[in-house]
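Everything below concerns the one structure shown next.
Order of the sequence lines fixes the chain letters, A, B, ..., with proteins taken first and strands second; residue numbering starts at 1 for each chain. Note that the structure is predicted; figures quoted are calculated from it, not measured.
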Amino acid sequence: MSLLETRALSKHFGGLRAVDAVDLALHPGEILGVIGPNGAGKTTLFSLMAGSLPPSDGEVLLEGQRISGQPAHRLVRRGVVRTHQIVRPFPNLSVLENVTVAALHAGGRAEGPPRERAREVLEFVGLGDRTHAVPGALTLAGRKRLELARALATAPRVLLLDEVVAGVNPAEAMTLAALIRAIRDRRHVAVIMIEHVMPAVMSLSDRVVVLDHGKKIAEGTPAEVVKHPQVIEAYLGKGHAGAQA
Amino acid sequence: MSLRWPEIVPPRAALAFAAGVVALAVAPWVLGLSPYSHNLVTLAFLMVSGALAWNWMGGFVGQVSFGHAAMFGLGGFVAARVLLAAPELPAPLAWIAGGLVAGLFALGAHPTLRLRGPYFSIATIGVGEAARLVFTYWEDFTGGSSGLSLPIDSDMKYRLYWWGLGLMALVAAASFLIRRSTLGLQLLAIKADVDAAADVGVSATFYQDLVFCLSGAVVGVSGGLWASYFSFIEPNDMFGFDRSIGFVLMTVIGGVGTVFGPVLGAIVFVLLRQFLLASYPQLYLGLYGLLLIFIILFEPLGLTGLLLRLSRPLRRWADRPAAAPSP
Ligand SMILES: Nc1ncnc2c1ncn2[C@@H]1O[C@H](COP(=O)(O)OP(=O)(O)OP(=O)(O)O)[C@@H](O)[C@H]1O
Ligand SMILES: [Mg+2]
């Protein structure tokens, strides 16, 4: 059985079908990439899966149980957590406190005092020496690590990563990609990642789903997907060449 | 079960706190306070308690309420009614009853206030004013515009100093513990970004309801003590918008969201009010206005922020490398 599944999941904003009848499935231990042009509905899809937005139609299942309609904070406790495309640290809390808040909501999947678990997660993402800094003192890459750490501290089963690699320099992108792989391999978390940085998504993903205008237009291994005619069309003029990397 | 010293309370802070409370408790005898000062300090204790509790909502959760007079008035009238109905009952039980009803009222009213930021603030004005109107018209309960009189008890008024001190000490300790605990972390996360907080598992609705209820209950208890102090209460005053504004002003002047700020702000507020209201009744609101503008523009953390700013050069001076070689 798939770990997380969406069935005909849809979100309409007025007349706009931001997400239009999307079916997808995430298997345990998998990294699933989600790509698509700007405005394709990727972030909205995450909002529906994480409970930040109620769907207009369709449903989300976690291990076969319907979870759509439940608010985000409850889904976190059940093991579904998201990060934000534009990082959203709590600026009034220290790095350690930011992660501790999240560690309080592991829903019984983790043992030990929240603060200690927060420290462990910060070590894991490479922020072990910045625990007392305020988020504002971190670089963008640092804040992306913090965003990751906060999500990881909830001991998720499904991690939804919204453009974690984008926007940092190539060296940082490499280490963030390695970190995502480690999350799957060492922490045994299944990951869905939205990513514009093609080398990252293509090398990390076991499978890739392509969205365009809210619809799923293709699905398959990275190699299959880039050859798909509709995908080429959707990306035409958008630096499709980069997708071959 | 073994009792352990809670990690979040530094022993030095606990000692300083205890010393402060003891000093205040013996001050009337040691300093030989005049009845005037004795009473002024009693009122200050009640105001500090109210401001500290308001700050849980306004400062920690970041939801600025302009309607706390509703809980203050309700607590006062319930306590007064209890004392009138059962004069032999110990007054603290009546105050607690007032606090409980006020807390329940807050809990009941809060679902209509599940809004964020300015929308919440505006809605609290509505709830506060509605409460004032309803309780002014509900003469059977509040005595309407002629109010309620309690039997005058000057001994009680004298002893209220220590009751007020006790309430303030409890609320101050609670503020400190909340701020230092994981509860406080979650409140500050809600304040910073309610959606991001939900995305790491924090239920904003739950904590906002909880804190509004607790904050309302404490303000209700202080309303009960207030009723005992004055032996006469009147709905337009107890539920007055001025009073709601007072909680906001005290906390903002002192330093919103800090533990110490509301204490400082309430003291300054009570003193200013006492002196200005007597000598320059027209000036006094204007002065608060100026103070507020100054704070909002230059020092969002109010007097606490100012003190921190002043202490920094001092500390630097104190820590200056004299004999010790600096790294
Ligand atoms: N709250 C909202 N109200 C109205 N329209 C919205 C809302 N959120 C998103 N949209 C619209 O839905 C569409 C999909 O947006 P979404 O943010 O999901 O795209 P995306 O694939 O994440 O894009 P990007 O790659 O730029 O991040 C866009 O047209 C967007 O303008
Ligand atoms: Mg997006």
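Around CD1 of A:Ile86, the count of heavy atoms belonging to other residues, nucleotides or ligands within 6.0 Å does not exceed 12. Counted within 6.0 Å of CZ on A:Phe13, heavy atoms from surrounding residues, nucleotides or ligands total more than 12; the atom is thus considered enclosed.
For B:Ala197, the parts sitting under 4.5 Å from any heavy atom of chain A are the backbone and the side chain alike.
Here the closest non-hydrogen pair linking B:Val200 and A:Val101 is CG2-CG1, 4.1 Å.
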Quick one: donor-acceptor pairs under 3.5 angstrom, chain B versus chain A?
| from | atom 1 | to | atom 2 | distance (Å) |
| --- | --- | --- | --- | --- |
| B:Gln186 | OE1 | A:His105 | NE2 | 2.7 |
| B:Leu188 | O | A:Asn92 | ND2 | 3.1 |
| B:Asp193 | OD1 | A:Arg88 | NH2 | 2.9 |
| B:Asp193 | OD2 | A:Arg88 | NE | 2.8 |
| B:Asp193 | OD2 | A:Arg88 | NH2 | 3.4 |
| B:Ala198 | O | A:His73 | N | 3.4 |
| B:Asp199 | OD1 | A:Ser52 | OG | 3.3 |
| B:Asp199 | OD2 | A:His84 | NE2 | 2.7 |
| B:Gly201 | O | A:Arg77 | NH2 | 2.6 |
| B:Gly201 | O | A:His105 | ND1 | 3.1 |

